[in-house]
**Q** 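Encoded as structure tokens, here's the structure I'll be asking about.
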Amino acid sequence: TVLEVGLSTLTQPQGGEPVTLSVRVSQVAGAQGSVTVQLREGASTVITESGPHTWSTQNTVQEFSVQLTAGEVASISDWSDLRVRILFTVT
């Protein structure tokens, strides 16, 4: 399953401020789950990716956080066109 959502318009951080992406997902079916989280600019440019992360407890919520490096922050040219893509597999 793939879920992609847009973000509200973000302002580029000044002076090397850290940027952290946190996503919370819930596994409600199946015995095991795997999730990969991507921050994308536009439809296809992957800025950063975290995962795959796995867990095996049904009906639990997991939070995944990724801190963007200075290089990743600098590579973003359009802060109004950022999207979070979540790739989730349940077995």
Side-chain angles (χ1 to χ4, degrees):
T1 302
V2 175
L3 171 66
E4 187 169 299
V5 295
L7 300 173
S8 57
T9 301
L10 301 174
T11 303
Q12 183 173 359
Q14 301 298 313
E17 295 175 23
V19 175
T20 301
L21 170 67
S22 295
V23 175
R24 295 181 73 184
V25 294
S26 175
Q27 176 179 296
V28 294
Q32 294 182 324
S34 172
V35 65
T36 299
V37 178
Q38 295 178 337
L39 177 64
R40 292 177 164 226
E41 182 177 357
S44 61
T45 302
V46 177
I47 303 300
T48 191
E49 179 175 286
S50 176
H53 304 279
T54 60
W55 72 88
S56 60
T57 306
Q58 189 173 347
N59 295 320
T60 61
V61 176
Q62 298 287 320
E63 181 171 302
F64 305 103
S65 296
V66 179
Q67 187 161 350
L68 279 70
T69 66
E72 290 166 338
V73 170
S75 73
I76 299 171
S77 59
D78 186 357
W79 285 80
S80 66
D81 194 18
L82 293 177
R83 305 160 190 218
V84 174
R85 185 173 215 190
I86 303 167
L87 301 97
F88 193 74
T89 303
V90 176
T91 57

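For this chain, numbers begin at 1 and follow the sequence in order.
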**Q** Output yes when a side-chain donor or acceptor of Arg83 lies under 3.5 Å from a complementary backbone atom of Gly42, and no otherwise.
**A**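 Side chain of Arg83 to backbone of Gly42: a pair is present.
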**Q** With a 4.5 Å heavy-atom cut-off, do Val35 and Ile86 have their side chains touching?
**A**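 They are in side-chain contact.
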**Q** Does Trp79 belong to the same Ile/Leu/Val/Met/Phe/Trp/Tyr cluster as Leu21, with side-chain heavy atoms less than 4.5 Å apart forming each link?
**A**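 Yes: a chain of side-chain contacts under 4.5 Å links Trp79 to Leu21.
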**Q** Would you please test Leu87 and Thr89 for side chain to side chain contact (heavy atoms under 4.5 Å, CB included) and show each step?
**A** CA-CA 7 Å; Leu87 301 97; Thr89 303; over 6 Å; no
**Q** Decide yes or no on side-chain hydrogen bond (donor to acceptor under 3.5 Å, both in side chains) for Gln38 and Thr48, but give the supporting numbers first.
**A** CA-CA 6 Å; Gln38 295 178 337; Thr48 191; over 6 Å; no
**Q** When rounded to the nearest 0.5 angstrom, what distance separates OG in Ser75 from CD1 in Ile47?
**A**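 One gets 4.0 Å once the value is rounded to the nearest 0.5 Å.
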**Q** What distance separates Ser34 OG from Phe88 CZ, expressed to the nearest 0.5 Å?
**A** 8.0 Å
**Q** Which heavy atom of Gly51 sits nearest a heavy atom of Thr36, and at what distance?
**A**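 Reported closest heavy-atom pair: C-OG1, 4.0 Å.
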**Q** Working note: Ile76 + Leu68, criterion side chain to side chain contact (heavy atoms under 4.5 Å, CB included); need CA distance, chi angles, decisive distance, verdict.
**A** CA-CA 11 Å; Ile76 299 171; Leu68 279 70; 4.2 Å; yes
**Q** Rounded to the nearest 0.5 Å, what separates atom CZ in Arg40 from atom CZ in Arg85?
**A**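 Separation between the atoms: 4.0 Å.
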**Q** Determine yes or no for a side-chain-to-main-chain donor-acceptor pair under 3.5 angstrom, with Glu41 supplying the side chain and Asp78 the backbone.
**A** yes
**Q** Apply side chain to side chain contact (heavy atoms under 4.5 Å, CB included) to residues Thr20 and Val66 and explain how you reach the verdict.
**A** CA-CA 6 Å; Thr20 301; Val66 179; over 6 Å; no
**Q** State the CG-CD distance between Leu39 and Glu72, to the nearest 0.5 angstrom.
**A**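 If I round to the nearest 0.5 Å, the distance is 8.5 Å.
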